[in-house]
Amino acid sequence: MTLPDLQRVFWQAMRADIPPGAAAPEFAGDKSLPAVERLWIYRRMYWARQIEALRDCFPLLLSRLEGERFEALARAYVVAHPSEDPCIERLGRRLPEFMRDHPDAAVAQLADMAAIEWALVEVLLMEDPQQVARGLDVPQEVFPTCRIEWVAGLRLLSLADDPFEATGAQVGWAVWRRKFSGHHRRLAPDERRAIDLVNAGTDVAGVCTAFADAPDPAARAFAVLGQWLNNEWVARITVPDSAVAA
């Protein structure tokens with residue numbers, strides 16, 4: 001039996017909607033424990049482990065749905081999107097997307113919360129950043145022309161609404177890891193505009209225009225940049241070639 005055939009038979013054996021007897025001929029058994037009974041044991045273990053993994057990755061979602069509703073969601077999700085990665089923690093990668101189209105409106109409304117929780121899992125699974133900017137170690141006179149580069153582990157989400165406090169407006173969230181802990185916070189509108197400018201490749205002077213409406217734009221800009229550095233979001237602050245040549 002080829003590996004794809006083995007995977008197909010195993011998945012049929014684990015599917016909750018297919019009787020184990022349908023796949024039993026492909027598996028060995030004995031008088032003390034026939035193949036069908038062995039498959040029942042493995043099926044219970046398989047589904048219990050999958051649901052447990054999703055519980056661990058989405059504790060806030062679990063607290064909102066609780067018990068049978070969460071388990072029903074988890075089972076339907078695993079049937080639609082079986083694990084594709086040896087790391088079981090990555091099982092929930094497509095759960096937020098799956099929830100957005102869910103027929104139960106109460107479940108669909110929690111998709112943004114699940115997106116934040118998945119981003120937290122994702123940043124914790126990533127390798128440590130190879131480089132993190134520790135401060136503004138560039139000459140003051142060229143700083144306005146510099147550009148900011150994020151660490152790979154920073155996740156910036158744009159959600160239709162705030163999943164924790166309804167606002168009725170699109171909301172930006174940042175999700176990141178610092179040392180061994182995951183963090184998340186809602187972005188203020190001006191900070192979100194500044195992040196969009198960074199993502200567009202705008203230099204520091206241009207990024208600071210996002211804070212033009214603040215009572216003290218310069219103080220606000222440096223406070224936000226300082227927070228980015230303190231949170232270890234910034235991989236590097238690059239000096240343009242023209243400044244280096246000068």
Just so I know, are the side chains of [X] and [Y] near enough to count as touching, which here means a heavy-atom distance under 4.5 Å?
X      : Y      : result
Trp150 : Asn199 : yes
Tyr77  : Arg94  : yes
Asn230 : Arg178 : yes
Asp190 : Phe211 : yes
Leu73  : Phe58  : no
His184 : Trp173 : yes
Val171 : Asp112 : no
Glu84  : Arg93  : yes

Can you hop from [X] to [Y] via hydrophobic side chains spaced under 4.5 Å?
X      : Y      : answer
Leu229 : Val151 : yes
Val239 : Val132 : yes
Val79  : Val107 : yes
Leu54  : Ile88  : no

Inset, instruction - Sort out for me which residue in Val207, Thr238, Val138 forms a side chain to side chain contact (heavy atoms under 4.5 Å, CB included) with Cys146. - result: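 Only one of Val207, Thr238, Val138 forms a side chain to side chain contact (heavy atoms under 4.5 Å, CB included) with Cys146, namely Val138.
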For [X] and [Y], which heavy atoms make the closest approach, and how far apart are they?
X      : Y      : answer
Ala108 : His102 : CB-O, 4.0 Å
Gly153 : Val123 : O-CG1, 2.8 Å
Gly135 : Ile237 : O-CD1, 4.3 Å
Trp228 : Ala194 : CH2-CB, 4.0 Å
Leu197 : Ala210 : CD1-CB, 4.1 Å
Pro96  : Trp118 : CG-CB, 4.2 Å

Would one find more than 12 heavy atoms of other residues, nucleotides or ligands at under 6.0 Å from atom [atom1] of [X]?
X      : atom1 : answer
Arg147 : CZ    : yes
Asp213 : CG    : no
Glu68  : CD    : no

Taking [X] for the side chain and [Y] for the main chain, is one N or O donor matched with an acceptor at less than 3.5 Å?
X      : Y      : result
Thr209 : Gly206 : yes
Arg192 : Leu187 : no
Arg186 : Phe164 : no
Glu117 : Leu61  : yes
Gln50  : Val78  : no

To the nearest 0.5 angstrom, please state how far the [atom1] atom of [X] sits from the [atom2] atom of [Y].
X      : Y      : atom1 : atom2 : result
Phe222 : Leu136 : CZ    : CG    : 7.0 Å
His183 : Leu120 : NE2   : CG    : 9.5 Å
Arg90  : Glu122 : CZ    : CD    : 7.5 Å
Asp128 : Met126 : CG    : CE    : 10.0 Å
Glu89  : Leu124 : CD    : CG    : 10.5 Å
Asp162 : Met113 : CG    : CE    : 9.0 Å

Legend entry - Under-4.0 Å salt bridge between Asp104 and Arg69: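 Here Asp104 pairs with Arg69 in a salt bridge, since their nearest N and O are under 4.0 Å apart.
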Legend entry - Salt bridge flag under 4.0 Å for residues Arg49 and Glu52: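 Here Arg49 pairs with Glu52 in a salt bridge, since their nearest N and O are under 4.0 Å apart.
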